[in-house]
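The block underneath contains the structure these notes are about, expressed in structure tokens.
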Amino acid sequence: MNAKFLFRAVVLCMAMLAGCISFTSCSDDEDAPIEEVTNELTNVKVEYSINLSENWFKYFDIEVSYNSGVEEKTMTLTEGWVYSMTIPYTGEEVNYYCNVTAKPKAEVPAFDTDTAYYFAQETHAKVSGILKDGSVASDFGFNATGSTGGLNIAGAAMEAYTQKEQSLLNFSYTPEK
């Protein structure tokens, strides 16, 4: 009987020892700092584009003014234009904008009153917030497509049409804080 008693005592002591070791390791895990994973806004991507048919440039001066968060600029285009810029997000309030205006030329070329003139246009403006992991933020940004398509102007109406300023894109986005 002493051997049985001794065997049980040794098994019981080993079980108690194993329990103490496992409790000690559980205790250490609770004290370890928990690393918080954040996916914050790190960059802003600005994209503007203008694609116009030849008649726009023939009968109008095409002026674009924009703010990309880095620069504000106004210029006259002589052909289609694409602008793309990725900048670090600073948290500062920025009014991103892109305005495209067709202004009548001082000297309008002659046109035939029996001909229809086609004015095709495709304009686009987009501001996107890019998160640390490279994905696009769902609560930061705006995507706008201006007029896409074309317009036929009869020769008889060309004189009146080419004497008025035409707005081709009027985009503005200011992120909420």
Side-chain angles (χ1 to χ4, degrees), residues 38-177:
T38 60
N39 194 19
E40 59 192 28
L41 188 63
T42 57
N43 290 314
V44 175
K45 185 172 185 177
V46 178
E47 301 170 89
Y48 304 134
S49 66
I50 297 132
N51 188 16
L52 303 172
S53 64
E54 183 182 325
N55 281 332
W56 283 110
F57 298 106
K58 185 175 181 180
Y59 294 100
F60 293 93
D61 290 322
I62 308 302
E63 183 179 281
V64 61
S65 60
Y66 67 92
N67 181 4
S68 65
V70 174
E71 64 179 343
E72 286 189 75
K73 193 170 184 179
T74 299
M75 60 188 173
T76 301
L77 302 179
T78 58
E79 61 186 5
W81 175 74
V82 176
Y83 179 88
S84 181
M85 172 76 69
T86 300
I87 58 173
Y89 175 69
T90 62
E92 294 179 28
E93 186 173 305
V94 176
N95 178 31
Y96 301 95
Y97 64 85
C98 183
N99 300 314
V100 181
T101 307
K103 296 184 175 186
K105 286 195 178 279
E107 301 257 343
V108 177
F111 43 85
D112 183 4
T113 57
D114 296 329
T115 303
Y117 293 86
Y118 186 64
F119 290 85
Q121 61 188 30
E122 186 177 327
T123 57
H124 183 79
K126 181 178 181 180
V127 175
S128 304
I130 309 299
L131 300 173
K132 189 174 186 177
D133 69 358
S135 63
V136 176
S138 61
D139 62 344
F140 184 101
F142 190 74
N143 186 14
T145 300
S147 299
T148 301
L151 177 65
N152 274 315
I153 308 279
M158 275 292 286
E159 185 173 359
Y161 189 75
T162 58
Q163 291 179 4
K164 292 187 291 185
E165 195 170 281
Q166 309 294 326
S167 177
L168 304 179
L169 178 67
N170 191 5
F171 169 81
S172 179
Y173 172 69
T174 304
E176 294 181 14
K177 288 226 169 208

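Starting from 1, each residue takes its place in the sequence as its number.
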message: Taking Tyr97's backbone N and O only, do any of them form a donor-acceptor pair with Asn67's side chain (distance below 3.5 Å, no angle check)?
response: no
4.5 Å side-chain heavy-atom contact, Phe57 and Leu77: yes
Contact check, side chains of Leu169 and Asn99, non-hydrogen atoms, under 4.5 Å: no
- request: Could you list the residues that satisfy side chain to side chain donor-acceptor pair (under 3.5 Å) with Asp112, not counting sequence neighbours?
  value: Thr115
message: With no hydrogens and no angle check, just 3.5 Å: does a side-chain donor-acceptor pair link Asn143 and His124?
response: yes
- request: Side-chain contact test, heavy atoms from C-beta onward, threshold under 4.5 Å: evaluate it for Thr162 versus Pro104 and give yes or no.
  value: no
query: Do Lys58 and Pro109 come close enough that some side-chain heavy atom pair is under 4.5 Å?
result: yes
message: Please check: side-chain N/O of Ser135 versus main-chain N/O of Leu131, any donor-acceptor pairing under 3.5 Å?
response: no
message: Ignoring hydrogens, what is the shortest heavy-atom contact between Ser128 and Val136? Give both atom names and the distance.
response: CB-CG1, 4.3 Å
- request: Output the distance between atom CG (Leu41) and atom CD1 (Ile130), rounded to the nearest 0.5 Å.
  value: 8.5 Å
message: Strictly distance-based, threshold 3.5 Å: is any side-chain N or O of Asn55 a donor or acceptor partner for the main-chain N or O of Tyr118?
response: yes
- prompt: Do side-chain atoms of Ser53 reach the backbone of Ala120 as a donor and acceptor pair under 3.5 angstrom?
  reply: yes
query: More than 12 foreign heavy atoms under 6.0 Å from CD of Glu165: is that the case here?
result: yes
query: When rounded to the nearest 0.5 angstrom, what distance separates OH in Tyr59 from CD in Gln163?
result: 13.0 Å
message: Using side chain to side chain contact (heavy atoms under 4.5 Å, CB included), reason through Leu52 and Leu168 one step at a time and then give a plain yes or no.
response: CA-CA 10 Å; Leu52 303 172; Leu168 304 179; 4.0 Å; yes
query: Backbone N or O of Glu92 within a donor-acceptor pair of the Thr90 side chain at under 3.5 Å?
result: yes
message: Check Glu40 with Lys132, please: is the shortest side-chain N to carboxylate O separation under 4.0 Å?
response: no
task: Could you tell me whether Asp61 and Lys105 have a side-chain N and a carboxylate O separated by less than 4.0 Å?
output: yes
message: Centroid separation under 6.0 Å, is that true for the rings of Tyr161 and Phe119?
response: yes
Inter-residue atom distance Lys73.NZ - Ser68.OG, 0.5 Å rounding: 10.0 Å
- request: Might you work through the side-chain hydrogen bond (donor to acceptor under 3.5 Å, both in side chains) test for Asn95 and Thr174, ending with a clear yes or no?
  value: CA-CA 5 Å; Asn95 178 31; Thr174 304; 2.9 Å; yes
- prompt: Just wondering, do Tyr89 and Thr42 contact through their side chains at under 4.5 Å, heavy atoms?
  reply: no
statement: Rounded to the nearest 0.5 angstrom, the OG-CD distance for Ser84 and Glu47 is 4.5 Å
Parallel, tilted or perpendicular, as decided by the 30° and 60° cut-offs, for the rings of Tyr83 and Trp81: parallel
query: With a 4.5 Å heavy-atom cut-off, do Pro175 and Glu93 have their side chains touching?
result: no
- request: Show your working on side chain to side chain contact (heavy atoms under 4.5 Å, CB included) between Phe140 and Glu176 and close with a plain yes or no.
  value: CA-CA 8 Å; Phe140 184 101; Glu176 294 181 14; over 6 Å; no
Distance, nearest 0.5 Å, that separates OG of Ser49 from NZ of Lys126: 11.0 Å
Side-chain touch Ile62/Val100, heavy atoms, less than 4.5 angstrom: yes
task: Quick one: do Lys45 and Val127 satisfy side chain to side chain contact (heavy atoms under 4.5 Å, CB included)? Show the steps, please.
output: CA-CA 6 Å; Lys45 185 172 185 177; Val127 175; over 6 Å; no
- request: Could you pull out the closest heavy-atom pair between Ser167 and Asn170, with the gap in Å?
  value: OG-CB, 4.2 Å
field: More than 12 heavy atoms from other groups under 6.0 Å of CD on Glu54
entry: no
task: Would you please indicate if the ring centroids of Phe171 and Tyr66 are separated by under 6.0 Å?
output: no
task: Side-chain contact test, heavy atoms from C-beta onward, threshold under 4.5 Å: evaluate it for Ile50 versus Val82 and give yes or no.
output: no
